[in-house]
Amino acid sequence: MPSLPNGHPPSSQNHQKGGKAQQHQQQQLFARKRLISQQRKSLPIASVERRIVDEVTKNDILIVVGETGSGKTTQLPQFLFNAGFCKNGKAIGVTQPRRVAAVTVAKRVAEECNVELGQKVGYAIRFDDVTSSSTRIKYMTDGLLLREALLDPLLSRYGVIIVDEAHERTVHTDVLLGLLKKVQLTRSHSIATEPVNNTKTDVDMSNAEVNSQRSNTLKACQNAKLLPLKLIIMSASLDAKGFSEYFGGAKAVYVQGRQYPVDILYTYQPEPDYLDATLITIFQIHLEEGPGDILAFLTGQEEIESIEKLIHGRLDKLPEDRRKIITVPIYSALPSEQQMNAFKPAPSGFRKVILATNIAETSVTIPGIKFVIDPGLVKARSYNPVTGTESLIIIPTSKAQAQQRSGRAGREGPGKCFRLYPESEFGNLSDSTIPEIKRCNLSNVVLQLKALGIDDIIGFDFMEKPSRMTIVKSLEQLLLLGALTDDYKLSDPIGHQMARLPLDPIYSKALILANEFKCLEEMLIVVSMLSVESIFYFPREKIEEARAARKSFSSPDGDHVTLVNVYRASAECLGKSRMVTTKDKTIERNLNKWCIENFINARSLKHARDIYSQIQGHVQQMGMSVTSCGDDMLQFRRCLTAAFFLNAALKQPDGMYRAIASGQTVQIHPSSVLFRSKPECIIFNELVRTNHNYIRNLTRIDPLWLPELAPQYYASPN
DNA sequence: GAGCACTGC
């Protein structure tokens with residue numbers, strides 16, 4: 001990622017000095033432009049501009065391999081723009097796996113091009129679109145481009161699409177690669193004589209579908225005269241072979257990176273206790289190495305908290321003058337203000353030890369790191385298609401991941417990386433991480449592909465195919481939710497509506513049902529709150545206060561109504577602020593204060609509010625009206641039952657629960673408001689596997705509602 | 001009486 005050098009903002013005094021000040025400003029602007037131009041020319045990619053433009057002209061697909069610091073993300077789109085690839089009025093789309101990257105890179109490129117952000121250069125991410133009709137270089141998240149494809153299946157506004165960071169192999173990237181391959185093929189053929197979607201005949205389609213396909217075909221005809229879609233896959237991993245093979249032997253161009261050397265050190269023996277080994281290494285570096293901060297990679301919050309305690313325990317035993325260490329934890333669930341502590345420089349003479357999860361691998365870049373400690377483990381999602389459940393397991397990193405971690409020590413100068421395993425073990429690691437698409441539930445992916453007109457999911461050309469069983473499981477789930485017809489086609493209107501909503505399919509279905517049950521407002525709150533990371537924040541040191549705060553929102557009906565209470569209380573707080581001020585900053589500050597007082601994670605709540613308004617827009621467009629059931633929680637609980645009937649559980653004589661659909665024995669998670677009351681019958685949203693099978697986010701229901709509200713699944717009791 | 005890495009629409 002490019003870092004911006006410090007520019008000097010014009011001081012207000014300059015305005016009074018008239019012409020002289022203006023001249024001074026112009027000089028500064030000129031100096032800044034010259035600096036940017038110099039920086040651009042010194043990037044490793046600058047020397048291969050001609051070659052890249054030639055290759056893109058000659059080939060429809062190009063793989064670009066460029067290590068950190070090559071400048072590929074900022075420069076390549078500009079090369080293509082300058083070479084005339086947008087002359088036809090088409091845009092260059094550049095996808096990123098993460099939102100921050102899309103925004104920061106777009107800002108930098110707009111500055112390099114000396115244009116206002118949102119004009120020639122812009123970005124689009126969920127909740128934030130800074131583009132206009134004149135935007136020709138558009139940075140966006142890969143997920144957003146997938147959403148765009150639902151409205152414009154041929155991605156007709158783009159002449160070039162660049163998929164950046166493809167080596168990360170997120171679900172979105174993998175689906176996008178398959179889709180782009182298909183789109184490119186369609187666009188390069190003589191489309192005018194060929195239907196866009198040749199897997200269906202008119203007989204199979206509803207009228208709406210026929211119409212939408214006709215208009216797609218029409219668009220395709222207009223495109224027939226245009227250049228085919230140019231595709232560039234950019235990756236930081238040295239192995240371009242996989243991408244090249246997937247795209248029919250596509251040509252690959254290598255661009256050098258710019259990194260300082262990092263010494264890699266291994267242990268002689270395997271470490272039986274990696275936490276202890278991490279601790280020892282931290283002190284070894286502290287006592288024997290020169291200045292520089294340490295970044296240690298751990299697997300999760302709990303590990304970070306316990307090692308932090310251990311460090312301070314051991315520090316107390318050192319002589320006074322050697323105790324100069326400060327520790328800073330950073331992980332995604334940590335509130336933002338505390339995350340920021342990791343970026344503050346340590347007090348003079350102190351060494352900063354950053355205890356981080358994977359968040360520090362790619363998502364955040366902390367300056368000043370000279371030493372990296374890598375125990376070689378990571379907590380990763382895994383999916384069991386037999387039970388249909390996801391869980392997190394601790395596994396060894398891949399080689400690529402280990403290299404990414406060590407690279408964090410060489411961003412500002414030469415560094416050292418301590419791998420807490422023997423060198424021989426490195427050789428046994430898999431080359432790259434298993435792509436996420438093979439490790440997760442695919443219901444959403446399948447629904448999206450169906451909506452894109454791809455009916456044969458098992459036959460879809462994935463770069464790496466998920467298991468047949470996982471696909472079948474997803475098809476079954478979508479069938480049960482009513483998103484598919486008996487012959488596995490997208491149902492009309494339910495399937496189409498569900499595909500349009502950017503939510504977990506089961507939540508989309510819940511909204512459609514809530515419209516019928518006249519409690520759409522409550523359900524909209526619930527799905528928004530369930531779609532974000534934990535709303536409640538429980539700091540260890542104030543656990544009792546946090547509990548008391550949550551109790552004030554608790555409902556005896558369960559966690560769903562409790563979430564509604566929290567959302568409404570926050571809305572009330574916002575309403576009160578708006579009565580006394582119109583200043584957005586003040587309103588936000590008041591809400592943050594309210595969040596702190598009530599032990600609510602402000603970032604999560606903000607996210608939930610954003611989702612609420614986005615989904616509200618969607619459901620209103622579908623013709624639904626957001627009505628509330630008022631105090632009739634019975635109606636709302638019945639609606640929750642109709643939506644989440646697949647996740648019902650009955651209390652057993654021993655106090656445990658049995659999940660009716662899967663037959664698994666589960667227990668209520670202690671964080672649930674129903675943990676003590678243990679109702680006879682409940683519906684739940686999540687099954688998490690830790691020491692036990694825990695169910696979370698519950699509502700108590702009447703067991704008789706199940707056969708009544710989900711007769712397709714529960715045989716009538718008589 | 002417990003802890004779930006990271007992204008994304």
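Letters go in sequence order (proteins before strands), and every chain restarts at 1. The model shown is predicted, which means the values in this text are computed figures rather than measured ones. Atom set for the values below is all heavy atoms of this structure, side chains included, hydrogens, waters and symmetry mates excluded.
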Participant: How about Tyr657(A) and Phe684(A): are their ring centres within less than 6.0 Å of each other?
Facilitator: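 No - the distance between ring centres of Tyr657(A) and Phe684(A) does not fall below the 6.0 Å cut-off.
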Participant: For Arg547(A), check salt bridge (Lys or Arg N to Asp or Glu O under 4.0 Å) against everything at least two apart and list the hits.
Facilitator: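 Here the qualifying residues are Glu544(A).
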Participant: Do the rings of Phe644(A) and His560(A) sit parallel, tilted or perpendicular, given the 30° and 60° boundaries?
Facilitator: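 Aromatic pair Phe644(A)/His560(A) classed parallel.
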Participant: Please work out if Arg676(A) contacts a base, only the sugar-phosphate, or nothing of the nucleic acid, heavy-atom cut-off 4.0 Å.
Facilitator: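 Counting heavy atoms under 4.0 Å across all strands, the contact made by Arg676(A) includes a base.
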Participant: Within the structure shown, what part of the strands sits under 4.0 Å from Leu501(A) by heavy-atom distance: base, sugar-phosphate, or nothing?
Facilitator: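 No contact.
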Participant: Find which nucleotide of DNA chain B each of Lys379(A) and Arg547(A) is nearest to by heavy atoms, and output the residue with the more 5' nucleotide.
Facilitator: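 In this pair, the answer is Arg547(A).
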Participant: Which part of the nucleic acid, if any, lies within reach of Tyr331(A) when heavy atoms closer than 4.0 Å are counted: base, sugar-phosphate only, or nothing?
Facilitator: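 If one applies the 4.0 Å heavy-atom cut-off, Tyr331(A) turns out to touch the sugar-phosphate alone, with no base involved.
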Participant: Checking all strands, does Arg99(A) fall into the base, sugar-phosphate, or nothing category for heavy-atom contacts under 4.0 angstrom?
Facilitator: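 Since only primed, P, OP1 and OP2 atoms lie under 4.0 Å of Arg99(A), the category is sugar-phosphate.
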Participant: Give, ordered by number, those residues of residues 296-312 of chain A having at least one heavy-atom distance below 4.0 Å to an atom of DNA chain B; if nothing qualifies, reply none.
Facilitator: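 Here the set is Thr299(A), Gly300(A), Gln301(A).
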Participant: Tell me, which of residues 142-150 of chain A have any heavy atom that sits under 4.0 Å from an atom in DNA chain B?
Facilitator: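 Result for residues 142-150 of chain A: Gly143(A), Leu144(A), Arg147(A), sorted by number.
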Participant: Applying salt bridge (charged side-chain N to carboxylate O under 4.0 Å, His left out), which residue pairs with at least one partner in residues 682-692 of chain A are found, sequence neighbours left out?
Facilitator: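 For residues 682-692 of chain A: Glu686(A)-Arg696(A).
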Participant: Using the ring of Tyr567(A) (Phe, Tyr or Trp, six-membered ring only), decide whether Arg609(A) places NZ or CZ under 6.0 Å from its centre and within 45 degrees of its axis.
Facilitator: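 Pair Arg609(A)/Tyr567(A) counts as cation-pi.
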Participant: Please compare Val378(A) and Asn444(A) by the position of their nearest nucleotide in DNA chain B and report the one closer to 5'.
Facilitator: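 Going by which nucleotide is closer to the 5' end, it is Val378(A).
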Participant: Which part of the nucleic acid, if any, lies within reach of Thr141(A) when heavy atoms closer than 4.0 Å are counted: base, sugar-phosphate only, or nothing?
Facilitator: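 The answer is sugar-phosphate, as Thr141(A) gets under 4.0 Å only of primed atoms, P, OP1 or OP2.
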Participant: Quiz question: by atom type and distance under 3.5 Å, do the side chains of Thr170(A) and His172(A) form a donor-acceptor pair?
Facilitator: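 His172(A) and Thr170(A) do not have a side-chain donor-acceptor pair below 3.5 Å.
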Participant: Does the side chain of His312(A) pick up a donor-acceptor pair with the side chain of Thr327(A) at under 3.5 Å?
Facilitator: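 Judged by distance alone, the side chains do pair up.
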Participant: Touch check for Arg696(A), heavy atoms < 4.0 angstrom, all strands: base, sugar-phosphate only, or nothing?
Facilitator: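 The residue Arg696(A) makes base contact.
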Participant: Side chains of Tyr274(A) and Glu303(A): is there a donor and an acceptor less than 3.5 Å apart?
Facilitator: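 On atom types as modelled, these side chains qualify, holding a pair under 3.5 Å.
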Participant: Taking 4.0 angstrom as the limit, do Glu302(A) and Lys379(A) come out as a salt bridge?
Facilitator: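 No.
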Participant: Under the salt bridge (Lys or Arg N to Asp or Glu O under 4.0 Å) rule, collect the residues that match up with Arg98(A), sequence neighbours excluded.
Facilitator: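 Salt bridge (Lys or Arg N to Asp or Glu O under 4.0 Å) check on Arg98(A) returns Glu168(A).
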Participant: Give the first and the last nucleotide of DNA chain B, reading 5' to 3', that has any atom under 4.0 Å from a heavy atom of chain A.
Facilitator: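 Listing 5' to 3', DNA chain B meets chain A from dG1(B) to dC9(B).
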Participant: Verify whether one side chain among Ser406(A) and Arg419(A) offers a donor that lies under 3.5 Å from an acceptor in the other.
Facilitator: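 Judged by distance alone, the side chains do pair up.
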